[in-house]
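Structure first, commentary second.
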Amino acid sequence: MINDSGMRAQAMGRAGRRRMVTGLLCGVALAAAPVRAQDPRASVVAATAREWLALVDRGDAKAARDRAAVKFRDAAPEERWAKALAAQREPRGRVVQRTLASTRFEKSFPGAPEGEYAVLAFRAAFEKAAGGTETVTLEREADGIWRVVGYTIH
């Protein structure tokens with residue numbers, strides 16, 4: 001025969017186990033949620049954008065242009081791209097901090113043909129400027145490789 005205190009201990013033990021199991025299940029569900037929500041292309045385009053931005057950060061306009069998409073190279077002759085990059089980046093100074101704020105995928109843009117595009121927004125702080133947003137647009141080219149097709153700073 002179990003007395004009152006024994007029954008309470010048994011009930012508390014079952015309730016405690018239920019809470020623990022419920023907590024574990026919630027933890028597993030929360031941990032798995034970002035994995036389901038993350039587009040597998042996101043890490044590829046983020047790495048590509050960061051590698052390209054590293055060239056821009058070094059002021060290597062030629063290398064950045066050479067690694068960009070065909071549309072980028074066709075639209076920006078080397079000398080014009082170098083001048084535009086210097087005009088945008090030199091007054092701001094070097095990048096002190098950069099954080100990826102968002103990534104979205106698009107099928108089209110005004111004035112551009114249908115395709116696979118990724119638009120990444122980075123919050124950036126510069127040596128001589130409080131901060132801004134760098135937008136890097138990539139296109140998945142015919143060879144399946146993502147390349148930069150656009151870059152702006154706001």
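FYI, side chains are in, hydrogens and waters are out, and symmetry mates aren't considered; it's all heavy atoms of this structure. Remember, it's a predicted structure, so these values are computed and weren't measured experimentally.
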- Message: Please enumerate all residues that pass side chain to side chain contact (heavy atoms under 4.5 Å, CB included) together with Ala54, with sequence neighbours excluded.
- Response: none

- Task: Taking side chain to side chain donor-acceptor pair (under 3.5 Å) as the test, write out the residues that go with Glu114, two or more places apart.
- Result: none

- Message: Return the CZ to CG distance between Arg94 and Asp57, rounded to the nearest 0.5 Å.
- Response: 10.0 Å

- Message: Could you check whether any side-chain heavy atom of Arg89 comes within less than 4.5 Å of a side-chain heavy atom of Phe126, counting everything from C-beta outward?
- Response: yes

- Query: Which distance, rounded to the nearest 0.5 Å, do you find between the CZ of Arg67 and the CG of Asp60?
  - Reply: 9.0 Å

- Note on the structure: d(Phe105 CZ, Arg41 CZ) to nearest 0.5 Å is 4.5 Å

- Message: Nearest 0.5 angstrom please: Leu120 CG to Thr133 OG1, how far?
- Response: 12.5 Å

- Item | Set of salt bridge (Lys or Arg N to Asp or Glu O under 4.0 Å) partners for Glu141, sequence neighbours left out | Arg147

- Task: Establish whether Phe122 and Val149 are linked, either directly or via other cluster members, by ILVMFWY side-chain heavy-atom contacts under 4.5 Å.
- Result: no

- For Tyr117, ring pair (Phe, Tyr, Trp, His ring centres under 6.0 Å) partners two or more places apart: Phe109

- Message: Using every non-hydrogen atom in the two residues, find where Pro91 and Ala86 come nearest and quote the distance to one decimal.
- Response: CD-O, 3.6 Å

- In the single-linkage hydrophobic clustering (I, L, V, M, F, W, Y; side-chain heavy atoms under 4.5 Å), do Leu138 and Leu55 co-cluster? no

- Query: In terms of hydrophobic clustering (I, L, V, M, F, W, Y; side-chain heavy atoms under 4.5 Å; direct or indirect links), are Val119 and Ile153 co-clustered?
  - Reply: no

- Message: Under the rule for side chain to side chain donor-acceptor pair (under 3.5 Å), what residues qualify as partners of Glu134, not counting sequence neighbours?
- Response: Arg98, Tyr151

- Message: Run the side chain to side chain donor-acceptor pair (under 3.5 Å) test against Glu106 and tell me which residues pass, sequence neighbours left out.
- Response: Arg104

- side-chain hydrogen bond (donor to acceptor under 3.5 Å, both in side chains) contacts touching residues 72-82 (sequence neighbours left out): Glu79-Lys83

- Item | Of all pairs that satisfy side-chain hydrogen bond (donor to acceptor under 3.5 Å, both in side chains), the ones with a partner from residues 42-55, not counting sequence neighbours | none

- Which atoms form the tightest heavy-atom contact between Asp143 and Ile145, and what is the distance? OD1-N, 3.0 Å

- Do the charged groups of Arg92 and Glu127 touch, with an N to O distance under 4.0 Å? no

- Taking only residues two or more places apart in sequence or in another chain, which ones pass side chain to side chain donor-acceptor pair (under 3.5 Å) with Ser102? none

- List in chain and number order the residues that pass side chain to side chain contact (heavy atoms under 4.5 Å, CB included) with Ala101, two or more places apart in sequence or in another chain; answer none if no residue qualifies. Arg123

- Task: Apply salt bridge (Lys or Arg N to Asp or Glu O under 4.0 Å) to Arg140 and list each qualifying residue two or more places apart in sequence or on a separate chain.
- Result: Glu116

- Note on the structure: In short, Val136 meets Ala49 closest at the heavy-atom pair CG1-CB, 4.0 Å

- Taking all atoms of both residues into account, what is the closest heavy-atom pair of Lys71 and Pro113, and its distance? NZ-CG, 3.6 Å

